[in-house]
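These notes concern the structure reproduced below.
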Amino acid sequence: MREVFSPESLEALWPLLEAPSWALLAGGTDLLVKMRAGRSDPAAFICLERIAELRGVREGETDLWIGACTSHAELICHPLVERHLPVLHQALRTLGSPLIRRMGTLGGNICTASPAGDTLPPLYVLDAVLELRSQSGMRRVPIGEFITGPGRTGLEQGEILAGVRVEKPGGRQVHHFEKVGQRKAMAIGVASMAALLRLSVDGEIFSARFAWGSVGPTVMTCAPAEALLAGKRPSRGVFEQAAAVAMAAVAPIDDVRASAEYRRRVSGNLLLRLFPEGSTLT
């Protein structure tokens, strides 16, 4: 039997974080799988879900703040997420089963730092900034700097992920998320891609952001492919060029779910599916 501590405020939480062998629990859908596989054996749990300061969605003038302990199901139903962050909303709808979405949290998905984490590619293209809290204060870190490898983050002893801050995209945009798996539901992605295109009033691509999951040690981005599309009018030819650059840039591996070569090809094809099937581009 392991002890479970459930503080109801940050003030009550801080003393508990002095025990380095106790595990933070925010949903637990990934942690419990690791324990069953023998890859984690914490002496006790610190459950974060009763701390009201870590839950909910708040709207600022230019951004949204999402509490780390907000569940995936709560975010799917939240009108601000659906209205301002469609790419994240699309990804959440593909994540696990209804039970997993009810238990799992955005902060848990981020801190697991799996290359296949469904919410991570959308947060990369949205340039999400993470708010890390400790008893001594707060620091903000871009998500691309926070996740340093498979299962590795920049979270320090005594810190928690408190929330995620995302600018509200403005103007004409195309949000897109797609995941390819071995089946349509309850599957870890063989490859996934999030895209955020900002368009000028006359339809020219003002900027492009792409992020792929399951094709590298962390979520993969490709600045050369993004730069290739910026300032161009959408066409099949320019998307084929960007897809070729992206296929060369990703770093997939062979495993039981797919070969590296298949994942590389899917990475390019997912980008190509933005044109012409992205009807807002035609």
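Qualifying side-chain hydrogen bond (donor to acceptor under 3.5 Å, both in side chains) partners for Trp14, counting only residues two or more places apart in sequence or in other chains: none. Annotation: side-chain hydrogen bond (donor to acceptor under 3.5 Å, both in side chains) contacts of Arg152 (sequence neighbours excluded): none. Evaluation of the side-chain contact (heavy atoms from CB on, under 4.5 Å) rule for Glu145 yields Val141, Pro142 as partners, not counting sequence neighbours. Considering only residues two or more places apart in sequence or on other chains, Glu226 meets the side-chain hydrogen bond (donor to acceptor under 3.5 Å, both in side chains) condition with Arg209. Applying the salt bridge (charged side-chain N to carboxylate O under 4.0 Å, His left out) rule to Asp254 yields no partners; only residues at least two apart in sequence or on another chain are considered.
A single hydrophobic cluster is seen to contain both Leu130 and Leu155, as judged by linkage of ILVMFWY side chains at heavy-atom distances under 4.5 Å, directly or through other members. Linking Ile, Leu, Val, Met, Phe, Trp and Tyr whenever their side-chain heavy atoms come within less than 4.5 Å puts Met220 and Leu228 in one cluster. Phe210 and Leu196 end up in different hydrophobic clusters when Ile, Leu, Val, Met, Phe, Trp and Tyr side chains are linked at under 4.5 Å. Residues Val125 and Phe239 do not share a hydrophobic cluster, defined by chaining ILVMFWY side chains whose heavy atoms lie under 4.5 Å apart. One hydrophobic cluster holds both Val166 and Val57 under the rule that ILVMFWY side chains link at heavy-atom gaps under 4.5 Å.
No side-chain heavy atom of Ser214 sits less than 4.5 Å from a side-chain heavy atom of Val190. For the pair Met138 and Leu132, the minimum side-chain heavy-atom distance is 4.5 Å or more. In this structure the side chain of Ser259 reaches within 4.5 angstrom of the side chain of Tyr262, judged on heavy atoms. Side-chain contact check for Ser200 versus Arg172: every heavy-atom pair is 4.5 Å or farther apart. Leu161 has its side chain within reach of Cys111: a pair of non-hydrogen atoms, C-beta onward, lies under 4.5 Å apart. Residues Leu95 and Ile100 are in side-chain contact: their nearest non-hydrogen atoms beyond the backbone lie under 4.5 Å apart.
Note that CZ of Arg55 is 12.0 Å distant from CG of Leu106, once rounded to the nearest 0.5 Å. Rounding to the nearest 0.5 Å gives a distance of 5.5 Å between CG of Leu54 and CG of Leu10. How far CD1 of Ile51 is from CZ of Arg133: 10.0 Å, rounded to the nearest 0.5 Å. Going from atom CD1 of Ile160 over to atom CG of Leu48 covers 6.0 Å, rounded to the nearest 0.5 Å. Residue Met193 holds its CE atom at 9.0 Å from CG of Leu272, rounded to the nearest 0.5 Å. In this structure, the separation between CG on Asp30 and OG on Ser40 is 11.0 Å, given to the nearest 0.5 Å.
Salt bridge Glu131/Arg165: present, at least one basic N to carboxylate O contact under 4.0 Å. Salt-bridge check for Glu159 with Arg139: passed, with a basic side-chain N closer than 4.0 Å to an acidic carboxylate O. Taking 4.0 Å as the cut-off between side-chain N and carboxylate O, Asp255 and Arg263 count as a salt-bridged pair. Salt-bridge check for Arg2 with Asp41: passed, with a basic side-chain N closer than 4.0 Å to an acidic carboxylate O.
Closest of all the heavy-atom pairs between Trp22 and Leu16 is CE3-O, 3.7 Å. The shortest heavy-atom contact between Asn109 and Gly117 is OD1-C, 3.9 Å. Heavy-atom minimum distance, Arg140 versus Val129: CB-CG1, 3.6 Å. The nearest pair of heavy atoms linking Arg101 to Leu92 is CD-O, 3.3 Å. Taking both residues in full, the closest heavy atoms of Val4 and Cys47 are given as CG1-CB, 4.4 Å, listed atom of the first, atom of the second, then distance. Between Thr153 and Ala113 the shortest heavy-atom distance is CG2-CB, 3.8 Å.
In this structure, Glu178 contributes its side chain and Leu271 its backbone to no donor-acceptor pair below 3.5 Å. Side-chain atoms of Lys179 come within 3.5 Å of backbone atoms of Thr94 as a donor-acceptor pair (strictly under, hydrogens ignored). Trp212 places a side-chain N or O within donor-acceptor distance of the main-chain N or O of Ser267, the cut-off being under 3.5 Å. A distance-only check finds a donor-acceptor pair linking the side chain of Thr105 to the backbone of Ala26 [under 3.5 Å]. Formation of a donor-acceptor pair under 3.5 Å by the Thr70 side chain with backbone atoms of Gly56 is found in this model.
Screening Thr119, Leu123, Leu126 against Val164 for a side chain to side chain contact (heavy atoms under 4.5 Å, CB included) leaves a single residue, Leu123. Under the side chain to side chain contact (heavy atoms under 4.5 Å, CB included) rule, Leu229 has a single partner from Val245, Val238, Leu274, which is Val238.
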Requested in this report: Verify side-chain contact (heavy atoms from CB on, under 4.5 Å) between Leu197 and Gln173, making sure each step is shown before the conclusion.
Outcome: CA-CA 5 Å; Leu197 304 181; Gln173 312 146 31; over 6 Å; no
Query - Derivation and outcome, side-chain contact (heavy atoms from CB on, under 4.5 Å), residues Phe146 and Ile110 - result: CA-CA 9 Å; Phe146 178 73; Ile110 294 169; 4.0 Å; yes
Query raised in the report: What's the verdict on side-chain contact (heavy atoms from CB on, under 4.5 Å) for Phe206 and Leu199, showing C-alpha distance, side-chain angles and the deciding distance?
Result: CA-CA 5 Å; Phe206 179 73; Leu199 307 177; over 6 Å; no
Query raised in the report: How far apart are the C-alpha atoms of Phe45 and Leu31, what are their side-chain angles, what is the distance that settles it, and do they pass the side-chain contact (heavy atoms from CB on, under 4.5 Å) test?
Result: CA-CA 10 Å; Phe45 298 108; Leu31 177 60; 3.8 Å; yes
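Surrounding CD of Glu11 are more than 12 heavy atoms belonging to other residues, nucleotides or ligands, all under 6.0 Å away.
For the 3.5 Å distance criterion, the side chains of Ser114 and Thr112 fail to qualify, holding no donor opposite an acceptor.
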Indicate every side-chain donor-acceptor pair of residues 79-91 with a distance under 3.5 Å to a residue at least two apart or in another chain.
from  : atom 1 : to     : atom 2 : distance (Å)
His84 : NE2    : Glu59  : OE2    : 3.3
His89 : NE2    : Ile76  : O      : 2.9
Gln90 : OE1    : Phe177 : N      : 2.8
Gln90 : NE2    : His175 : O      : 3.4

